[in-house]
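Quick caveat: nothing in here was measured; it's all calculated off a predicted structure. The residues of the chain are indexed from 1 along the displayed sequence.
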Amino acid sequence: MKRFFAFLAFAFLTITLWGQDAKWTKMNPYMQMTINHLNKNNHVRRSKAIGETIALPPTALLVKIAEGADVDALLSRYAAKRLTRHDDLMMIAISPDSIAPLSLSDGIVRMEMLPMGDVQNDKSRLTTGVDLVHGASGELPQAFTGKGVVAGIVDVGFDFGHITFKDKEGRSRIRKFWDLGKVSEKSDDEKSEWECWGTIYNSTEEVEAAKHSSDAEVQNHGSHVLGTMAGRGTPDGKWRGMAHEADIIGAMSPLGARIFEYDGDDELLKDIYETSNFDVLAMDFIFSQAKAENKPCVINYSITSSEADAWLYSGLLFEDYLNKITGPGYILVCSAGNSGNNKYVLAGKQSAAPMRLRLSHGTRNPFFYFKPENPDNLPEFKISFLADTLTVDMKETGALYQKKINYPNTLDSVTVYIEPSHFTKDGEECLGFAFMLDMTEIFKRIQDKELSASQLHVAFEGGGSGMFMTSITSSVTIHSQDEGDKSVLPEPYTHNLGVPGSFDCTVTVGATIRTDLSGNSSGGYDEIKEGKIASFSSRGPTWDGRTKPDIAASGWNVISAQNRYVNNNDKPYDTTEVGGETYEWVINGGTSMASPCVAGIIALWLEADPTLSPEDVKNVFAKTATHIDETMEYPNNSYGYGEINAYAGLLEILGLNASVPSISSSQPRDVKFRVNGKIIDITIEGHDNSRYTVKVYSTDGKVIMAEKSNANHSTIDMSEAPSGVYAIQVNTSNCNTTGSTLVRL
């Protein structure tokens, strides 16, 4: 390890002499902008003391390798370290100063650096709530608890010692954790191959000794999310999560803290190191640990980049990489995003008629997208900023195009990045153009009131028909330049999914609204009907027309763990005293809270069938999800296949729906099942002494036992039955006491 970092330092000194030429067409637009900033600020950074120049620590870079390339020689030349490889895709550790020279190599086809997303908890906090997490699982944990499945998470703000993450003996259930924000105190010989950054805790003992993630004083999100997915709750089961006996392996996203020691104030380093490449690497780490133990794994990722990233980066290396690390037994669940209230502009260009737009952006990186109807008949693109105009022949943009337009009488400029993207829709090859503007210099001076703000004028002239797309937020407005033109109208609340939620390989989750304990829907929302999609929940379709999200789950009034170390004034909803320690529970909402509900349920499903793939899971959704709004067709771009039904999904996976057609796909609300060894106690609350039947089925559909009774309490002796999972069907004259459940003997 020492030799690796020494080599990086040597490479920095050598490469600086080479200059900073780069093959820009190999980089995605965000990466180009970031590397441009790095190069421009080369003379004002990396100083811990006057006159002392140091090399930057490595960053994570996702690259595609050319066929036949000598990978070892390539990495050696640029002092890079291979971390993971999946066919022609590789994640490497490399000094930021070596990225531009690396791009010149024929051994590299493509490289990507993606911006970090945001956690997707809603910004409102409620004072009352309902135990949706515990109630959603009901009696199900008697049969399936996530045992033998790895519940993975990449998030921020973890309290490792919260009671919900301990087993019955008080030991941590977090078996491994990669803290990307804590500088390792291990010797080089003790470090694993992953530890170019941060510290990996390789045992429950190391996790317990660490107590919390390095960002725990400023972040709480991960504790709440993980509690929903896999928390054990209180010792008596209150506030229990979905898969409370799953093994937990986690990682802290660099969104929570810087991943290296740095004493300077150079803001450009934020773009270099706060990249979702680290999150993808963390996902690969978790899956690899599960595979080494031959266990299935589901990872929850409640961090989502904006819909802009879905347009600019869709179909590139990020999605290809996730496709390679997910599959049968290895599933990635992510939040859809909380941009459901964002409007979206669809402005159509008709034939050879020009389309002229005025954009006022309150952001340093405005974006938009243009999709021509005929890829062979492209318009001419013009963008004007005050006195300067850039004209682009889109037929000649190549793989990527970048040009500057200048702010008059200053040295400031706007850099325009244009990247064509090819994709397939309905079997046809399509072409689109992603545009991103880098207004960093000007935007800062406008904020400081050194310059006056001005509109951008965009035009698509000549050529054939096409569609212009952009998102409208509180800081963005758009109008037609042509007087009286009403064609530029916002599309209400669609197309606002983020990344990676827009990818096919992910299971993407929207949030539904549930009422509080008093029966009211709090927080200023009007979704009174139980299970209605939340207004903040991001909606599809994706930018290329695919239906998303895949499923919805409760994302409002969710009660889960509070990180004890975080510095905030949130009043806990509940507290638990155990062994002299006080543990808190708080209420939160957002697609961040819906996603772990689904991830935990999928952990239960993986326990039933460890070979389930993301596509298999979506097929289960299609057959078993609850349709809240019967006026809609499913799947749709609000609910996906509907609201998840954990129990009906298990029946489908076990084949009981087919082998026992008479079995109920829901559990009886007023019946309690308790298992003691191989004795099953059944209690029917408020029973009217009428006669009812109880049947016990094996998972292959055979009737193991059938009884009739009229008492409110009955006992079934299964001592002669082999150990395993059984379905119990109770049929009464009351719909609240008729249904089935699963038990494990």
Side-chain angles (χ1 to χ4, degrees), residues 1-8 56-63 71-72 75 79-86 89-96 112-114 116 150-156 158 160 174-207 209-210 213-215 222 247-261 272-295 297 299 301 303 317-318 321-322 324-326 330 332:
M1 186 63 70
K2 286 181 179 177
R3 282 183 291 178
F4 169 59
F5 284 104
F7 195 15
L8 280 178
L56 287 173
T59 189
L61 187 61
L62 179 56
V63 297
V71 174
D72 291 337
L75 297 179
K81 179 183 178 182
R82 172 169 49 193
L83 300 172
T84 63
R85 182 171 182 177
H86 300 278
L89 296 181
M90 202 159 60
M91 195 75 77
I92 64 174
I94 188 170
S95 168
E112 275 187 15
M113 184 178 289
L114 303 178
M116 183 61 68
V150 172
I153 185 169
V154 180
D155 214 299
V156 293
F158 293 91
F160 300 150
I174 304 175
R175 296 181 50 252
K176 293 186 180 182
F177 192 91
W178 188 4
D179 190 329
L180 278 156
K182 179 177 174 57
V183 177
S184 179
E185 298 176 357
K186 300 177 184 177
S187 67
D188 290 342
D189 293 338
E190 294 176 308
K191 290 180 180 178
S192 74
E193 60 181 359
W194 300 89
E195 287 177 286
C196 289
W197 311 274
T199 300
I200 295 177
Y201 306 120
N202 285 301
S203 65
T204 56
E205 290 77 15
E206 290 183 7
V207 170
S213 58
S214 58
D215 61 347
D247 295 326
I248 299 171
I249 299 180
M252 191 203 85
S253 168
L255 177 66
R258 288 182 183 253
I259 63 169
F260 63 97
E261 287 183 311
I272 291 287
Y273 293 98
E274 287 189 8
T275 164
S276 58
N277 285 2
F278 287 101
D279 288 356
V280 177
L281 190 62
M283 295 171 195
D284 204 346
F285 165 77
I286 294 170
F287 280 141
S288 71
Q289 304 306 305
K291 288 178 181 177
E293 299 175 16
N294 198 30
K295 292 180 179 178
C297 176
I299 295 176
Y301 187 60
I303 298 174
L317 303 188
F318 187 10
Y321 195 92
L322 292 182
K324 292 182 184 297
I325 64 174
T326 55
Y330 301 95
L332 174 62

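Between S203 and K176 the shortest side-chain heavy-atom distance does not fall below 4.5 Å. Two residues are said to be in side-chain contact when any heavy atoms from C-beta on lie closer than 4.5 Å; D279 and P254 meet this criterion. For the pair D72/R82, a side-chain contact is recorded, criterion being any heavy-atom separation below 4.5 Å from C-beta on. By the 4.5 Å heavy-atom criterion applied to side chains, V207 and R175 are not counted as neighbours. By the 4.5 Å heavy-atom criterion applied to side chains, T59 and T275 are counted as neighbours. At a threshold of 4.5 Å between non-hydrogen side-chain atoms, the residues K295 and Y330 do not count as touching. P58 is listed as a side-chain neighbour of W197, based on a closest heavy-atom distance under 4.5 Å.
In this structure, L281 CG and S276 OG are separated by 11.5 Å, a value rounded to the nearest 0.5 Å. Taken from OG in S253 to CH2 in W178, the straight-line distance is 11.5 Å, to the nearest 0.5 Å. Here the CG-CD distance, from D247 to E293, works out to 7.0 Å after rounding to the nearest 0.5 Å. Interatomic distance, CZ of F177 versus CD1 of I248, reported as 10.5 Å (0.5 Å rounding). To the nearest 0.5 Å, atoms CE (M90) and CG (L317) are separated by 12.0 Å. Separating the NZ atom in K324 from the OG1 atom in T84 is a distance of 11.5 Å, to the nearest 0.5 Å.
In this structure, C297 and I286 approach most closely via the heavy-atom pair SG-CG2, 3.9 Å. Among all heavy-atom pairs drawn from K191 and E195, the shortest one is CA-OE1, 3.3 Å. The shortest heavy-atom contact between F318 and E112 is N-OE1, 3.2 Å. The heavy-atom pair separating S184 from G198 by the smallest distance is CB-O, 3.4 Å. Contact detail for I325 and F287: the closest heavy-atom pair is O-CD1, 3.5 Å.
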Audit row: S214, D179, side-chain hydrogen bond (donor to acceptor under 3.5 Å, both in side chains) steps and yes/no: CA-CA 7 Å; S214 58; D179 190 329; 2.8 Å; yes

Would I249 and I174 count as a side chain to side chain contact (heavy atoms under 4.5 Å, CB included) here? Give the steps. CA-CA 6 Å; I249 299 180; I174 304 175; over 6 Å; no

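K186 contributes a side-chain N or O that, together with a main-chain N or O of I200, makes up a donor-acceptor pair within less than 3.5 Å. E193 contributes no side-chain N or O that, together with a main-chain N or O of L83, makes up a donor-acceptor pair within less than 3.5 Å.
Tested against V280 for a side chain to side chain contact (heavy atoms under 4.5 Å, CB included), the candidates L332, V154, L322, L62 yield a single pass: L322.
A side-chain donor from one of Y321 and D284 sits under 3.5 Å from a side-chain acceptor of the other. When only modelled atom types and interatomic distance are considered, D215 and S213 share a side-chain donor-acceptor pair under 3.5 Å.
In this structure, Y201 and F160 have perpendicular ring planes: the angle between them is above 60°, well past the 30° mark.
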